[in-house]
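A quick note: this is a predicted structure, and the numbers were derived from the prediction, not measured.
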Protein chains: 2
Amino acid sequence: MHLSLPSTPFSAPSPAAELPCNDVYVVAYDFKSIDSHTAIKEFRTLLEDLEAAGLHAEVRAGYEQTLLVFVKAPRELLGNTVYKLRVKDWLYGVTPSHPGGTKDTIVDGAYEAEDVLSMYHLVHWPKDLGGAGISPGIGKWKNVRAIFPLHNQRVNQSLLRHLSKRVFLTTQDLDSIRDLFGSKVAFYFAFIQTYLAFLTFPAVTGLVAWLWLPKYSLVYAITTCIWCSVFLEYWKIQEVDLSIRWGVKGVNKVKVNRPQFVYERIFVDGSGRTIHYFPKWKQLTRQLLQIPFVAVAMLALGVILAIVFAIEVLISETYAGPYKFYLEYLPTVLLAVALPSISSSLEDVADWLTEFENHRTADSHEMSLAQKVFVLNIITNYLPILLTAFVYVPFGDDIVPWLRASIQKHLGSPAVQKLAYKPFTADHDKLRNEVIALTVTGQIWGFFEENILPYIRHKLQGWYRDFRRARTHDGSMLLTVVRDEPDEADLLARARDEATLDQYNVHEDVAEIVLQFGHLALFSPVWPVLAAGFLLNNWVEVRSDFAKICIEHRRPAPARADGIGPWVGALEFLAWAGSISTAAIVHLFGAEGAAAGSAWWSLAATVFVSEHVLLAVRALVRFALRSAGSEQIRRERDVRYANRRRHLDEMEAHKQAGLALSVAERERRRTVLAAGGEAFWTRQAREGAGVEVGVGLIERVKRAEERGPQHERRER
Amino acid sequence: MHLSLPSTPFSAPSPAAELPCNDVYVVAYDFKSIDSHTAIKEFRTLLEDLEAAGLHAEVRAGYEQTLLVFVKAPRELLGNTVYKLRVKDWLYGVTPSHPGGTKDTIVDGAYEAEDVLSMYHLVHWPKDLGGAGISPGIGKWKNVRAIFPLHNQRVNQSLLRHLSKRVFLTTQDLDSIRDLFGSKVAFYFAFIQTYLAFLTFPAVTGLVAWLWLPKYSLVYAITTCIWCSVFLEYWKIQEVDLSIRWGVKGVNKVKVNRPQFVYERIFVDGSGRTIHYFPKWKQLTRQLLQIPFVAVAMLALGVILAIVFAIEVLISETYAGPYKFYLEYLPTVLLAVALPSISSSLEDVADWLTEFENHRTADSHEMSLAQKVFVLNIITNYLPILLTAFVYVPFGDDIVPWLRASIQKHLGSPAVQKLAYKPFTADHDKLRNEVIALTVTGQIWGFFEENILPYIRHKLQGWYRDFRRARTHDGSMLLTVVRDEPDEADLLARARDEATLDQYNVHEDVAEIVLQFGHLALFSPVWPVLAAGFLLNNWVEVRSDFAKICIEHRRPAPARADGIGPWVGALEFLAWAGSISTAAIVHLFGAEGAAAGSAWWSLAATVFVSEHVLLAVRALVRFALRSAGSEQIRRERDVRYANRRRHLDEMEAHKQAGLALSVAERERRRTVLAAGGEAFWTRQAREGAGVEVGVGLIERVKRAEERGPQHERRER
């Protein structure tokens, strides 16, 4: 039995002369670090496990000491796996209707990613779920370096060409990305696309504010804060809409244990479910570790920043020797250079902490990690600006003279003494410069680090590998002892190349955009041109990110998700924090604030009002957008309704027929009632008796009423 | 086919000699205001409609010109209606498992309310849903005064006796209430019960604070605010837990159009659903009307309160004539007397507004009305206290002398002139007195109005009716012309009595508790004994409310709900507002605040900090409680899991069998692959070829590596 769903444009290509991509997976087995005996044993197990899952394997040589196992699922197995995933989706309430068919049904994936996902499950899922249980890098598979599907280069290229011609992506384009890389990746593109479209507003108003409005404009701050909320609420609706469109709403309910999950014991509970038990309290306690971690990270970074600021100020204020200009900026430059490595080592700690928390599902692991990374990102990216805005500028006038005085006391040099008479005023433009420096260099460096650097590194690695191979004559590299069949050479070259690429992590890309949104939400009035810059950057980013996945990364397993997950919470937090930070900045730096002078008390009032106005606006926007709803939400409701209707109609039809009881049947029922001793219910049992009694009573009372009391009395 | 679910204690009684309550409904038809002809026509339609729905009707005389129609559903009809509701619940995802059976299945209700609910549907639901469409007071049924089930007096009394013996209600007690009155009412009792249990904490700490802590204690304020959040989050979990226990989670999805809903046109959409269309924008526009309404109400009440305060102050300050004591309190007394009627007329407007908003479902109508009533309650109950706390006391020192001065100017009497030299200081105890007066009298008056007054009124009405009947001799009252059958007399007396009772509205009771919670959340530090008072009051309230339903109200239709609905939002708002209000009160009135003196600026900071600390605490509490989860939530998850497991196991069993392919089958597949031109996949097609190739390669490379470059070179 064959079922097939309508496909979207750009989906699975027709079976081409080259290897089709939808039913092939590659396992890269690296035996460099182990001895021949272990390698052979492991490899044998690998092939046996694949075979046991019903998969067909072809072994080819990879680079250096890597074997590439090409895995293919037979048509029946793959088709049935796809079908069963659909049934599972229905069971979990992800899709409203049963896909039809029986347990033997074989279907074609509606799009390429659906097939590839099932391939991934067949290779990766544990054996009791029907997979081969290959989890690269973990436990007994620690020498399996990667499992990945092959890039569909033809579709990649045509889609890349298509996207580069478009100003904005359409929903169809997003469908195409979903068809190729799965909904999790597609949601990232949907998110950046929505954000990009919304960015045009603050970009335009920002330019207007920059040209004509006063610095730190209140009006611009307010419009941007409201814009943040509107964008956020719109995206939340959009997320639901797309998740219904792609049939993945609530797909995170379909959970599988992470292979890294360590359980204390296994037991089978009342419902027959096998529980891998790990005490909840242990996990909670471990999660508490992140509080000291974040506190220490924040403190350490704060201290480093404070020292850098202090040195900077001191040099500019007290040093009069040669190279003053360079020396003054040296600490900041050192900081800028150190920050990426600081934050990457912090992220390593976060990684380790999350692993230690021992989450059962990939979902909650990801969520926990994303939260930590988000907090770290906030600290490293926003803390310098926040310190400048709320400590350096307002308190600089107090702190710097004190610093100077204490230095004078210790050094007491005449040059310093002389300078002491120049009154210090905190540089109000420092905030603006700080924001410009951090965001502009951040974006540029980010682009370089994300797109250019990996490409260069990959090319260099390839070149170095070729170089080494050319000089290796001992046969310790596979490609020096094996020659490809000519008809396979191209394919194998591609596969070897892809095997050396990095894994793609969509969360990193989302985090980047969320962080950017935070800059806008928190510091927009400092430099209104910011939004226009982001607009430009993101317009490029959409395309370069797609290209990045195609060129610099292994094709990701087309995981499914019903949105950008925990990042929505992060966005909400930023929009809310923005209402506080923006108000505070405008109050302290703006024309209105400057007038208030040293009135620090009014700051709290300003912030309080601003925050609550924003909360009210957000509630209103949410109410309005929810009321408006979305096309897909309505459509889904219709489908669910139709399903229920069908069920109910069947039952109702019967009941209507049953109601028209025969006279004999009515009589029989009355007899039953009477026999049951229920005299009450048999008094008006005759057909129409109830009406007669009622009508009689009404007439009698009404007649009496009309004739009045005299008449009645006479009648007696 | 008979199915029956396990029943909980105190559920449906065994069929007794008296009329069983589970399959009987009473329709009270009042033809007093219309003429005989119309009455007969309407009554005929009424009986015909009941008959058409498959119901059996017995007509009896009621009080004055009211006919009581006793409606009974045949066993098959009722059993099938109950069964179909269960199927519907399953279709809407309310219960996880299909109840089994076919469309002809007849079941006994698992508890009395389940049967009664189906009776209600049979009488009330529109004809296309299988009911008789009787909606009392609306449209063509405007002379149907009420439809109601009969009280099950035996169970009522035994449950009342049981409850009066208990200190706290157990879950089984709540089950019993659910079995009798349905989950909507039971949720009210669950709510007040949970609240009562939680109240012990602030009651004890409040007494401690009153005895040993300073006035307006910060510590007590903080513990109470945190307590509010803990209670709220716990209740939210409890709500989900109970809704699963009672199988009503998400039951509000099972919606039916309100009979009052006015639609502009009907059309059938793509999915075959009949849509009663009323434009969304019209409804939204109409909803906007509540903004001016609330604004006007608040302003008007504020002005009235301000006038009352002003008169009060002026009299106490400037009047020296006779009866001063009484005159001083006259305005407040007048206000207290006027407030109930003011608020009830405001509620009438709210009623009308909600009706005008034209909600499609009873659910959204109720929600909208509850919101309005809540806002009105807030205004009438909290505004006097808020004005006292944040206007009268802090600004009294400025306002009163000004008031006095302007009066002096206009009157210029020597007595007044003399008084002017007495400096005015706003009475700090006024806030405490205000809170005591409003809450204590509020609780006492509320109890009287809710429990005593209706009882007295009902008794008086009964007495007056008997008195009139005794003096009526014209036959214009039914009971003067009809004599009951002796065996029915008791039953009919009961039914007639119940027909004259009021309808029960559970929202009023919930609103009362929510308002009380608000007093605690907003003003706890003013008078810490408050909580102890509330504890006492509520301990009585639980029992008296149950008695009230049994004695003073018609038995409510056992509507289902999965919680206390919109009131959770109200509680959240109050807990949040409490963090602001409490902080402000402690700051202004407390010892710490007094020290800060006139530092109004620090108020904003205090409030800001307090609010955000509470938000953080709430997030933490929520996280902890959600992680802990609840028994029922786990159990439901298990049931849903078992359902899916069954489905999947069936499919999986087959697949495992299919995997063990025969050698012949494998051979056939390879032939297919080869024939398809896929040479790649046939190279290692022979059994075990892949392993051989891989092992060969590993051995060769590793051997070469061991021997080192020299050896290899020599071999060449």
Side-chain angles (χ1 to χ4, degrees), chain A residues 31 36 39-40 43-44 47 54 57-59 61 65 67 72 74 84 91 103 130 271-273 284 473-476 478 481 488 601 604-605 607-608 627 638 641-642 644-645 647 650-651 654-655 659 669 680-681 683-684 690-691 693-695 697-702 704-705 708-709 712-713, chain B residues 19 31 36 39-40 43-44 47 54 57-59 61 65 67 72 74 84 91 103 130 271-273 284 473-476 478 481 488 601 604-605 607-608 627 638 641-642 644 647 650-651 654-655 659 669 680-681 683-684 690-691 693-695 697-702 704-705 708-709 712-713:
Chain A
F31 56 94
S36 166
I40 289 169
F43 187 74
R44 213 183 275 277
L47 284 209
E58 286 278 328
V59 180
Q65 298 197 354
L67 285 170
K72 185 188 174 84
K84 276 193 309 198
L91 283 170
K103 60 192 179 201
S271 61
R273 166 158 43 171
L284 275 177
H473 304 292
D474 62 355
S476 67
L478 280 168
V481 296
E488 295 177 9
W601 60 268
V607 164
F608 186 79
S627 297
D638 288 351
Y641 175 81
R644 287 193 292 261
R645 190 74 258 169
H647 249 96
E650 273 167 24
M651 304 208 329
H654 177 79
K655 189 210 148 189
L659 270 185
R669 288 197 183 166
F680 184 89
W681 295 105
R683 304 230 197 266
Q684 296 159 9
V691 177
V693 171
V695 168
L697 285 172
I698 293 173
E699 278 179 338
R700 191 162 162 195
V701 171
K702 283 291 178 189
E705 198 177 37
E712 177 78 1
R713 220 170 275 154
Chain B
L19 206 57
F31 55 95
S36 166
I40 289 169
F43 187 73
R44 214 184 275 277
L47 284 210
E58 285 278 329
V59 180
Q65 297 195 356
L67 285 172
K72 185 186 174 83
K84 277 193 310 197
L91 283 170
K103 61 194 178 201
S271 60
R273 164 156 52 167
L284 276 177
H473 304 293
D474 63 355
S476 68
L478 280 168
V481 297
E488 297 177 6
W601 60 268
V607 164
F608 186 79
S627 296
D638 288 351
Y641 175 81
R644 286 193 293 260
H647 249 96
E650 273 168 23
M651 303 208 328
H654 177 79
K655 190 211 149 189
L659 269 185
R669 287 197 183 168
F680 184 88
W681 295 105
R683 303 229 198 266
Q684 297 158 8
V691 178
V693 170
V695 168
L697 285 173
I698 293 174
E699 280 179 339
R700 190 161 163 197
V701 170
K702 284 289 178 191
E705 200 177 33
E712 178 79 359
R713 221 172 274 153

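Both the backbone and the side chain of B/L697 have a heavy atom closer than 4.5 Å to some heavy atom of chain A. B/E699 touches chain A through backbone and side chain together, each having a heavy atom under 4.5 Å away. Proximity to chain B (any heavy atom under 4.5 Å) is shown, for A/A39, by both the backbone and the side chain. With a threshold of 4.5 angstrom between heavy atoms, A/I698 approaches chain B through its backbone and through its side chain.
Contacts of B/V691 classified as side chain to side chain contact (heavy atoms under 4.5 Å, CB included), with partners at least two apart in sequence or in another chain: A/R44, A/L47, B/V695. When the ring-ring contact (aromatic ring centres under 6.0 Å, His included) test is applied to A/F31, no partner is found at least two apart in sequence or on another chain.
Considering all non-hydrogen atoms of both residues, A/P74 and A/G54 come closest at CD-O, 3.1 Å.
Of the listed residues (A/V607, A/I40, A/L91, A/L67), the one with the most heavy-atom contacts under 4.5 Å to chain B is A/L91.
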